[in-house]
Structure formats: C-alpha cells, structure tokens
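I have placed the structure first, in the form of structure tokens, so that the comments after it can refer back to it.
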Amino acid sequence: MSASETRGTPPLAPSSGAHAGELSKKGLSAGAVGVLGAVVIGVSTIAPAYTLTASLGPTVSVVGTQVPAIILVGFIPMLLTAFGYRELNRAMPDSGTSFTWGVRAFGPWIGWMTGWGLVAATVIVLSNLAGIAVEFLFLLISQLSGNPDIAELAFNPFINVVVCLLFMLGATLISYRDMQTTQKFQYILVTFQVAVLLLFAVVAIVKAVSGDAPDPTAFSWSWFNPFEVPTFSAFAAGLSLSIFIFWGWDVVLTMNEETKNPAKTPGRAAMLTVVIVVSLYLLLSIGLIMFAGVGDGPLGLANEDISANVFFALSDPILGPLAFLVSLAVLSSSAASLQSTAVGPARTLLAMGHYGALPAKFARVSPRFFTPGYATVVSAIVASVFYAVMRVISENVLTDTILSLGMMICFYYGLTAFACVWYFRKQWFDSVRSFFFTFLFPLVGGAILAVLFVTTLIDSMDPAYGSGSSIGGLGLVFVLGVVVILAGVVIMIWQAIKRPAFFRGETLSIDAPESLRRARRRQAD
C-alpha cells in the first residue's frame, strides 16, 4: 500500500464539518451505486445457488415437504427486520449501519457489540464461502474432465487451504477497487447464476409432471402450511436454517453513503432483494421436491449422502449434459458472494474507526478508489486465518460455521431491530405508518430472532448439534458462537481503555434530537 493510500479521514476530523457526536461522511465515493446495482450486490451476497444447495437437504430431513412453508416463515422475521433497517437508514444513512444505529439508540457499549456481531458474522461467512468455492472448483474440473478423483483434491487440507487463500486474495483485490468494478463483476456472475437456477427449477418441474423423475411427487398447497410441521423442535430447527439462507441483504445498506439518494435507495434495494430471493427459493424448493421427493433414497432430498450438496447430486438427472452448468453456477455464486460480502464488514470497520471505536487506521480511505482499503484487507486476512485454523480443528468446518453463523445473524439482526424500536420511541404513534414500521414490525422481527438466538445457544451445547465435533464436551457450534461473542466483549473493553472518547459519547452521541427531527421531515416528504 502506497503512502498516498494510507491517508484517510481521521476520526471526526475538524475538516469534516461535523459537530461532536453527530454523523459525518467518511470519504467514500458518493452516488456510485443505483437501485439495480444495489439489488445485484444484495442477491450476490445472499448467494442463492450456494445457500440453497447447502441447506435444502438438512431442511428437508427436518420438515419434509413443508420446506416452502419454512422458507416463508423464515422470510417473515427477515422482512420485518428489513422494515426496521429501512426506517433507520432513512433517518441515518451511515455506512456503519447496525453499529451506528445501535450507538444512537442504546449508547456506545451495545452499539459496539452490534457492530461486532455484523463483522464477526461476515468474517465467518467469508471463510465459509471461500471453502465452498474450493470444493465446487474441483467438482467442476472433475465433471469437465470426467475424472472423479480430481474432486477429492478439495478435501486435501493443504490444497484446500492454499486454493481458499487464492480465492480470498482475488476477492480482496476486486473489493479494494472502486464500486464500479464490483458492480461489473457482480452483473455477470449474478445474471449467470440466476439464469441457471431458473433453468434447473423449470426443467425439474417439467420432468416431474411428465413422470420422468426418480420419485415424482405431486405438488400440494399443503406444503405452504407451517402447522403441518410435526414438532415444535423440528419447526425451530427448520426456521434457523431458513433464516441462514436469507442472510446478506443488509449489505446494500452498508453502501448507503455510496448510493444515489442514500436515504431511499438502500431501503428500496433491500426490500427488492429479499422479495426476489424468496421467490427464487420457493420455485427451486418446489421443483426439487416434485422431482426427487423427500425420501432417503439414492436421489431423495433427505438422503444424508447428498444433503450437503443437493444441486450437484441432482444436476445430472435433471440437466444431463448441461449438468456442469449447475456446478459452475454454485462456483460463481460462492465466488461472487465472497467478493460482495467483503463490502459489509469493511464499511462497518471504517465507521468504527471513523468514530473512534477502533484504531484510526480503520478509517483510512483509498484516495484513488474511495474504498475502505485498510478495513478490506484486515477483513480478508482475519477470514483467511479463521478458515485455516478451523480447517485444522475440524474437517466439518463448513457445517459448524454455517450453524454458528446463524447464531451471529440472530444476534446482530435482533439488536438492530430493537434499536429501531427504541430510537423512534417518541414517534410510535405519530401515524399509522410510524406505528407499524418503527414499532410493531421491527419489534416482532427482533423478538423472533431473540428467541431463535437463545434456542440455538442452548441446543448447540450438545455435540450432536452440527457435525458432532466438540471441545471439552461442548458442541463446536456452541463454542464458536460463545468464543466469538466473548472475544468481542474483551476487545470492546480494551478499546474503552485505549479510546475512552467514543465510550463517553463524545464522537458519536446517543439519540440526537436533530436526527429525529430530520427523520420526521423525511417521512413527511
């Protein structure tokens, strides 16, 4: 990194024109992203091809044909939380999102931990996505070459980690550059991914209807009834997996300082993103249930041998000679998401550095690309180290990190939803719109996520939860989740000692009245 690129906006520099405790700009490229670009990046971060192939099998094994119902139920807290995010963004379009909003609502301590939850969840998924990209790279090469032994190279620890680091390097280089580069990269990969998934789903439905399927299952509207899930524990487990498949839409809000019309564009893009993704998930789940059924036969969706990668197992029976397109779609999905997911933590870390919650180095913005260069590099390094260490600890690293990720998602999404409720407490009853969007919807969404967080925390203490790996008799998923949260507490206390100004509310104050007045004016408009 050149000397010029290490220069950035120091935390709340006098030249920024901001008064102590107020929001301020951070030197990012304003107006670089429109609604379409934000939606594409949002879909890319969710990575529908990867998330559904990894979660459909486990979800079917728990709830059977009620997968569409579980997808819709899992969509509800995400949608309700998204409304809260939208309202907070209208009032305070700031790249720190959950961190900044948490501070404004609850003060520096809870706000800091909310930001930590976002960063930790994203680092976990970055490592996970890189691992998935490695596996599908070798699967694709194996398919194209006709040599099944090549696919096994992905499970060699040394090869796996080295190729994973190369993927991380490529994603970091793209993320470090300007947002235009990111958008161009994402347009290509997301368009290809969605096109292949639509083809996959439509052909599966056509073959099921024509009887040309291993276990054709007639479509039923009862699949959308969540009350037909056999037990509450099965319902909770399925819901936890369902929430995981929607994670990532909030990345569009971390770009709010770089979007056109920051107060409205990110919120609109977030809503469009979740609606597009839930529609795609429903079509795919219905198509694959109709084609393969929910049994444990050779191609049944509940077969444990294929549950970790349902798309790969069904690609040849459904698409025949075009089966390689599915592997290529999942590879492009994980690679694209690896790059776009890096957008979120970098901008949150930038805001934390800017407001003095972390060292000033994190506030550095590249004068050439107007991106948070230092924070981007740090995120990539931490994710790479995390993956390498976890790969050594457990061969089932992908399963356990997915489940621990679900815990972190509930943690920071829930806190952000509650931040919306509390921040707008003085205007809950100003109008019907305000009652629903600043109070009821985010409150219900946050409550659901809080219940899921506690339930997952308790259930994951059992080593049988997840891959079966354990440390000291406790499940690895539980250990991962608790260690990540406690690490955040320790770092926060250390930062409070080193940087007391932020924790005294001097650099970012709680519940500023002028922000509420601006929010009311925006909503009136």
Side-chain angles (χ1 to χ4, degrees), residues 1 3 5-28 88 92-123 254 256-257 344-366 371-383 385-386 408 411-412 415-416 419 422-423 483-512 514-515:
M1 188 180 297
E5 290 186 354
T6 62
R7 294 195 301 270
T9 305
L12 291 177
S15 61
S16 67
H19 297 290
E22 291 186 7
L23 304 180
S24 56
K25 300 297 183 182
K26 302 163 192 66
L28 297 169
L88 287 166
M92 300 173 284
D94 188 274
S95 69
T97 58
S98 294
F99 158 73
T100 304
W101 302 333
V103 174
R104 298 296 250 184
F106 299 127
W109 298 91
I110 295 179
W112 200 100
M113 284 303 299
T114 307
W116 172 259
L118 186 155
V119 172
T122 314
V123 166
T254 65
N256 49 27
E257 293 186 37
R347 280 146 185 80
T348 299
L349 290 171
L350 170 73
M352 295 179 80
H354 179 78
Y355 293 117
L358 285 176
K361 292 180 180 179
F362 287 95
R364 294 173 179 170
V365 173
S366 167
T371 57
Y374 182 85
T376 299
V377 172
V378 170
S379 299
I381 291 174
V382 173
V385 172
F386 177 83
M408 298 309 301
F411 176 77
Y412 87 88
L415 282 176
T416 306
W422 188 246
Y423 183 80
V483 166
V484 168
I485 293 173
L486 291 180
V489 173
V490 171
I491 296 172
M492 177 176 63
I493 293 173
W494 176 247
Q495 294 305 309
I497 295 172
K498 299 287 289 185
R499 294 167 181 82
F502 167 77
F503 291 91
R504 289 197 296 258
E506 296 174 7
T507 60
L508 186 60
S509 60
I510 184 173
D511 200 21
E514 63 272 16
S515 295

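Position 1 is the first residue of the sequence, and the numbers go up from there.
From Y423, atom OH reaches atom CZ of R104 across 5.5 Å, with rounding to the nearest 0.5 Å. Within the model, atoms CE of M92 and CH2 of W101 stand 7.5 Å from one another, a figure rounded to the nearest 0.5 Å. Here the straight-line distance linking atom CZ of F503 with atom NZ of K498 works out to 13.0 Å at 0.5 Å rounding. Going from atom CD1 of I110 over to atom CZ of F99 covers 13.5 Å, rounded to the nearest 0.5 Å. From Y412, atom OH reaches atom CD1 of I485 across 13.5 Å, with rounding to the nearest 0.5 Å.
Residue pairs satisfying the side-chain hydrogen bond (donor to acceptor under 3.5 Å, both in side chains) criterion with at least one member in residues 483-494, sequence neighbours excluded, are absent.
Applying the side chain to side chain donor-acceptor pair (under 3.5 Å) criterion to S98, with sequence neighbours excluded, gives Y85, T416.
Put simply, the residue from L118, T100, L358 that forms a side-chain contact (heavy atoms from CB on, under 4.5 Å) with T348 is L118.
Put simply, the side chain of L349 does not reach to within 4.5 Å of the side chain of Y374, judged on heavy atoms. For the pair M113 and F411, the minimum side-chain heavy-atom distance is below 4.5 Å.
Taking both residues in full, the closest heavy atoms of P359 and Q495 are given as CD-OE1, 3.6 Å, listed atom of the first, atom of the second, then distance. In this structure, A375 and A346 approach most closely via the heavy-atom pair CB-O, 3.3 Å. Contact between V484 and M408 at its shortest, heavy atoms only, is CG1-CE, 3.9 Å. The two residues A363 and G353 come nearest to each other via the heavy atoms CB-C, 3.8 Å. Heavy-atom minimum distance, V103 versus F502: CG2-CZ, 3.8 Å. Contact record, L350 with R364: CD1-O, 4.0 Å, taken as the closest heavy-atom pair.
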- Message: Quick one, W422 with F106, criterion side-chain contact (heavy atoms from CB on, under 4.5 Å). Give me CA distance, side-chain angles, the key distance, then yes/no.
- Response: CA-CA 8 Å; W422 188 246; F106 299 127; 3.5 Å; yes
